[in-house]
Amino acid sequence: MKAYILRIDTELSRNYAKMCAETCDVIDLDWEYFDGWHDITGRAAWCQTGIQMKFYEPPLTIDNMTPAQKANACSAGHGAIWKKIAEGDDEVGIVLEHDALMYYKPDIKIPDNYIITLGYKVSDPENYAFMDARDNEEHELMHIDGHEGAHAYMMTKRTAQNLVHEIEEKGILGAVDNAYFIRGQRRTNIPLCIMSPTPAIGYLRKSTIWNQSAHVNYEFISSFAKYYK
């Protein structure tokens, strides 16, 4: 099992990613940084992922990227990590955006052909009694039809291969949050589960993409609601 921490070349992102990496170290989770794109178009970034595209756009630097352009470039970073998982030696890969915090190493066998989300977005992570949740709740996967945010999730190597193949066959499906996670907008064929109790959170602070961080979650599963006060 290995985690990939997506960051970009800004001071804020590097600081966030460092905190994320420190939480991985505490739980002895193998990890590495993946340096994504934030100053070229999403289409150009996708051409740099190693995933076969049906077009080519050169990586020309753009000043003053719009939030939507940044989000599309971020999505290419996710795709590039899927490619690394698909071609790597580990049977399970974890994808963490720089603002994620890991609380314990997932210790449950996960199936192929599911994206497993790992936690919700909160601005007060100190209010999640994760050790109590970890020690007192049954560890299981729960089927969900949507999740707000791509900040922390995991998949098997086979799932990553299928995600890459889907893009090569159908083309880019859209921004990662919308095309792969958000209820009613998902375009991937790969369904979602959430791990219970949740071993991660997305720590909401100043966004590196949007003018304001989105404090939106779907209804909490009971094992999170019980220990988040």
Under the side chain to side chain contact (heavy atoms under 4.5 Å, CB included) rule, what do Asn15 and Arg205 come out as? Steps first, then yes or no, please.
-> CA-CA 12 Å; Asn15 288 339; Arg205 289 156 289 175; over 6 Å; no

Qualifying residues under side chain to side chain contact (heavy atoms under 4.5 Å, CB included), relative to Ala129, sequence neighbours excluded = Asp132, Tyr227

For Tyr114, which residues count as a side chain to side chain donor-acceptor pair (under 3.5 Å) partner, sequence neighbours excluded?
-> none

Those residues at least two apart in sequence (or on a different chain) that pass side chain to side chain contact (heavy atoms under 4.5 Å, CB included) with Thr23 are Leu101, Met102

Give a yes or no on this: more than 12 heavy atoms of other residues, nucleotides or ligands lie within 6.0 Å of atom NZ of Lys18.
-> no

Tell me, please, which residues at least two apart from Asp145 pass salt bridge (Lys or Arg N to Asp or Glu O under 4.0 Å).
-> Arg183

Sorted by chain and number, sequence neighbours left out, side chain to side chain contact (heavy atoms under 4.5 Å, CB included) with Lys226 holds for Glu137

On a heavy-atom basis, the closest approach of Ile201 and His151 is C-CD2, 4.2 Å

If we only count heavy atoms from C-beta on, is the Met65 to His38 side-chain gap below 4.5 Å?
-> no

Do the non-hydrogen side-chain atoms of Phe224 and Val122 ever get within less than 4.5 Å of each other?
-> yes

Per-pair distances, 0.1 Å, donor-acceptor, side chain in residues 4-12, under 3.5 Å, sequence neighbours excluded:
residue : atom : partner : partner atom : Å
Arg7    : NE   : Asp35   : OD1          : 2.6
Arg7    : NH2  : Asp35   : OD1          : 3.4
Asp9    : OD1  : Arg14   : NH1          : 2.6
Thr10   : OG1  : Ser13   : N            : 3.2

Atom OG in Ser196, atom CD1 in Ile144: separation rounded to 0.5 Å?
-> 11.0 Å

Could you walk me through whether Glu32 and Lys84 pass the side chain to side chain contact (heavy atoms under 4.5 Å, CB included) test, one step at a time?
-> CA-CA 11 Å; Glu32 70 175 59; Lys84 288 180 73 70; 3.2 Å; yes

So do the side chains of Trp31 and Ile94 get within less than 4.5 Å of each other, counting heavy atoms only?
-> no

May I have the step-by-step check of side chain to side chain contact (heavy atoms under 4.5 Å, CB included) for Met195 and Leu141, ending in yes or no?
-> CA-CA 5 Å; Met195 185 172 176; Leu141 299 178; 4.1 Å; yes

Student check: side-chain heavy atoms of Thr198 and Tyr103 closer than 4.5 Å = no

Between CD1 on residue Ile190 and CG on residue Leu163, distance to nearest 0.5 Å = 5.0 Å

Please name the pair of heavy atoms, one in Trp82 and one in Ala160, separated by the smallest distance, quoted to 0.1 Å.
-> O-CB, 3.4 Å

Is Glu97 close to Cys74 at the side-chain level, that is, under 4.5 Å between some pair of heavy atoms?
-> yes

Kindly indicate whether the side chain of Phe181, heavy atoms from C-beta on, has any atom under 4.5 Å from the side chain of Thr117.
-> yes

Apply side chain to side chain donor-acceptor pair (under 3.5 Å) to Lys105 and list each qualifying residue two or more places apart in sequence or on a separate chain.
-> none

Met53 and Ile172: CA distance, side-chain angles, deciding distance, side chain to side chain contact (heavy atoms under 4.5 Å, CB included) verdict | CA-CA 8 Å; Met53 296 288 117; Ile172 302 166; 4.0 Å; yes

Taking only residues two or more places apart in sequence, or in another chain, which ones meet Lys70 in a salt bridge (Lys or Arg N to Asp or Glu O under 4.0 Å)?
-> none

Would you confirm whether Glu57, through its side chain, and Thr41, through its main-chain N or O, come within 3.5 Å as a donor-acceptor pair?
-> no

Contacts of Thr156 meeting side chain to side chain donor-acceptor pair (under 3.5 Å) (sequence neighbours excluded), chain-then-number -> Asp112, Thr159

Single-linkage hydrophobic cluster Tyr128~Ile221, side-chain heavy atoms < 4.5 angstrom | yes

Tell me which donor-acceptor pairs under 3.5 Å the side chains of residues 86-93 have, and how far apart each pair is, sequence neighbours excluded?
residue : atom : partner : partner atom : Å
Glu87   : OE2  : Lys83   : NZ           : 2.8
Asp90   : OD1  : Met1    : N            : 3.3

When rounded to the nearest 0.5 angstrom, what distance separates CG in Leu96 from CG in Leu29?
-> 7.5 Å

Pairwise side-chain contact, His139 with Pro197, heavy-atom cut-off 4.5 Å (strictly under) | yes

Heavy atoms, side chains only, cut-off 4.5 Å: are Ile110 and Cys193 in contact?
-> no

Looking only at atom types and distance, does a side-chain atom of Asp39 sit under 3.5 Å from a main-chain N or O of Thr61, one as donor and one as acceptor?
-> no

In Å, rounded to the nearest 0.5 Å, how long is the span from CG of Asn162 to CG of Asn189?
-> 10.0 Å

Calculate, to the nearest 0.5 Å, the distance between atoms CG and CD1 belonging to Asn72 and Ile40 respectively.
-> 11.5 Å

Look at the side chain of Lys54 and the backbone N and O of Glu168, then say whether any donor-acceptor pair between them is shorter than 3.5 Å.
-> yes

With sequence neighbours excluded, tell me which residues meet side chain to side chain contact (heavy atoms under 4.5 Å, CB included) with Tyr56.
-> Cys47, Pro58, Pro59

Quick one: does Arg186's side chain have a donor or acceptor within less than 3.5 Å of a partner on Tyr180's backbone?
-> yes

Roughly how far, to the nearest 0.5 Å, is the CD1 atom of Ile85 from the CE atom of Met154?
-> 9.5 Å

Trp46: what forms a side chain to side chain donor-acceptor pair (under 3.5 Å) with it, not counting sequence neighbours?
-> none

Measure up the His98 and Tyr16 rings against each other and bin them: parallel (under 30°), tilted (30 to 60°), perpendicular (over 60°).
-> perpendicular

Verify same cluster id: Phe220, Tyr153 (apolar side-chain graph, 4.5 Å) | yes

Does Tyr120 have its ring centroid less than 6.0 Å away from the ring centroid of His147?
-> yes

Single-linkage hydrophobic cluster, 4.5 Å side-chain cutoff, Tyr218 and Ile116 together = no

